[in-house]
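Step one of this worksheet: look at the structure below.
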2 protein chains.
Amino acid sequence: MSAAKQDVFQAIADPTRRKVLEMLAKEELPITKIKENFSVSRTAIVKHLHILTEANLVRSRKVGREKLYVLHPGPLVEVRDWLNYYEQFWNNKLSMLKHLVEDDDQS
Amino acid sequence: MSAAKQDVFQAIADPTRRKVLEMLAKEELPITKIKENFSVSRTAIVKHLHILTEANLVRSRKVGREKLYVLHPGPLVEVRDWLNYYEQFWNNKLSMLKHLVEDDDQS
DNA sequence: AAATTATAACACCTAAAGGTTACATATCGA
DNA sequence: TCGATATGTAACCTTTAGGTGTTATAATTT
């Protein structure tokens, strides 16, 4: 009965959404306050908040006429777990894969 | 003079690309071999490889008529650094933010 | 009660993402 | 050299992402 949940990787792909997450990590904020930090419309921000909510990365509660959003970091564990698999490569623990991290990295 | 580089967060947002990365972490592979693991067309795979290349997540070299791809994990550091900022929340180190990780997580 | 403020709900637009088919080119093996 | 194999790429299609503006509803303030 659950609608197709938004993928956390897809949710954090957008720079605006990452910035929103950063704001909500520091404090609980209503939509209007969040919007103040961006040049896009409030409607656009609301859409991003919907996506973040579907990915379970934020939670909201209604207080008076305001809707307050806050970070819910739980799903980020999935990203961390995914990353952990690749840690071994830049940690240089597998000598047979040493060449992968030895060459110059122009990024 | 550099073309707008692909964002690594955007590059890893697609499940197919993540699966490709996983394959290339294990061994260097030509396009045709990569394609065998997916039901999409070879052209689609090539496009994904282009995006991964632009994000500098893979490297390739031509050997005979084959083009061999391999993982280049370097740019993943950016994701790790980004994640590290959020580690504190699920590590429960900031008591004032305890409520963020205490509630049930239905994911 | 009236004016203001915060959010919700639509309808709509454009560009990009992700996919396809078709065709061209290059290399290998016999 | 010829056929099979590997890749490059152009043209096209459909869906979605990210954005807009407008209108409606609910709570607050004066």
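Quick note on labels: first sequence line is chain A, next is B, and so on, each numbered from 1. For the numbers below, each heavy atom of this structure counts, side chains included, while hydrogens, waters and symmetry mates do not. Worth saying up front: this structure is predicted, and the values here are computed from it rather than measured.
Residues meeting the salt bridge (charged side-chain N to carboxylate O under 4.0 Å, His left out) test with A:Glu22, sequence neighbours left out: A:Lys26. Checked against side-chain contact (heavy atoms from CB on, under 4.5 Å), B:Ser41 has the following partners two or more places apart in sequence or in another chain: B:Thr43, B:Ala44. Every residue two or more places apart in sequence or in another chain that forms a salt bridge (charged side-chain N to carboxylate O under 4.0 Å, His left out) with B:Glu28 is listed here: B:Arg61. In this structure, the side-chain contact (heavy atoms from CB on, under 4.5 Å) partners of A:Ile51, at least two apart in sequence or on a different chain, are A:Gln6, A:Ala11, A:Arg17. Residues satisfying the side-chain hydrogen bond (donor to acceptor under 3.5 Å, both in side chains) criterion with B:Arg65, sequence neighbours excluded, are absent altogether.
Residue A:Ser41 places at least one side-chain N or O under 4.0 Å from the OP1 or OP2 atom of D:dT20.
Look at CG on B:Leu52: it is 14 Å from C1' on C:dG18, rounded to the nearest Å. In this structure, B:His48 atom NE2 and C:dA16 atom P are separated by 18 Å, rounded to whole Å. When rounded to the nearest whole Å, the span between CD1 of B:Ile34 and P of D:dT5 equals 19 Å. Atom CD1 of B:Ile12 and atom P of C:dG18 are 13 Å apart (whole Å). Here D:dG21 presents its P atom at 14 Å from CD1 of A:Ile45, a figure rounded to the nearest Å. Rounded to whole Å, the distance from CG on B:Leu49 to P on D:dT9 is 13 Å. Taking atom CG of residue B:Asp7 and atom P of nucleotide C:dA17, one finds them 12 Å apart after rounding to whole Å. Atom NZ in A:Lys35 sits about 15 Å away from atom C1' in C:dT5, given to the nearest Å.
Side-chain atoms of A:Leu21 and B:Tyr86, non-hydrogen and from C-beta on, do get closer than 4.5 Å to each other. Side-chain contact between B:Leu57 and B:Ile12 is present, with at least one heavy-atom pair separated by less than 4.5 Å. At least one side-chain heavy atom of A:Tyr69 sits under 4.5 Å from a side-chain heavy atom of A:Thr53.
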Are there any protein N/O atoms within less than 3.5 Å of an N/O atom in nucleotides 7-13 of chain C, and if so, which ones and at what distance?
from, atom 1, to, atom 2, distance (Å)
C:dT7, OP1, A:Ile31, N, 3.1
C:dT7, OP1, A:Lys67, N, 3.3
C:dT7, OP2, A:Thr32, N, 2.9
C:dT7, OP2, A:Thr32, OG1, 2.2
C:dA8, OP1, A:Lys67, NZ, 3.0
C:dA8, N6, A:Arg42, NH2, 3.3

Between the protein and nucleotides 14-16 of chain D, which nitrogen or oxygen pairs come in under 3.5 angstrom?
none

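Comparing A:Ser39 and A:Gln10 by the nucleotide of DNA chain D that holds the closest heavy atom to each, the one mapping nearer the 5' end is A:Gln10.
The stretch residues 30-49 of chain B participates, sequence neighbours left out, in no salt bridge (charged side-chain N to carboxylate O under 4.0 Å, His left out) pair at all. Judged as a ring pair (Phe, Tyr, Trp, His ring centres under 6.0 Å), the pairs with a partner in residues 6-55 of chain B (not counting sequence neighbours) are, in order, B:Phe9-B:Trp82.
Under a 4.5 Å side-chain heavy-atom cut-off, the cluster of Ile, Leu, Val, Met, Phe, Trp and Tyr residues that includes A:Leu68 is completed by A:Val63.
Of the residues in residues 16-23 of chain A, not one comes within less than 4.0 Å of DNA chain C through any heavy atom.
Comparing the start and finish of the helix from C:dA1-D:dT30 to C:dA30-D:dT1, five pairs each, the helix axis swings through 30°, to the nearest 10 degrees.
Here the closest non-hydrogen pair linking A:Lys19 and A:Asn37 is NZ-O, 3.3 Å.
Using a cut-off of 4.0 Å between Lys/Arg side-chain N and Asp/Glu carboxylate O, A:Arg18 and B:Asp7 are scored as salt-bridged.
Remark: the backbone N or O of A:Leu24 is not paired with any side-chain donor or acceptor of A:Glu27 at under 3.5 angstrom.
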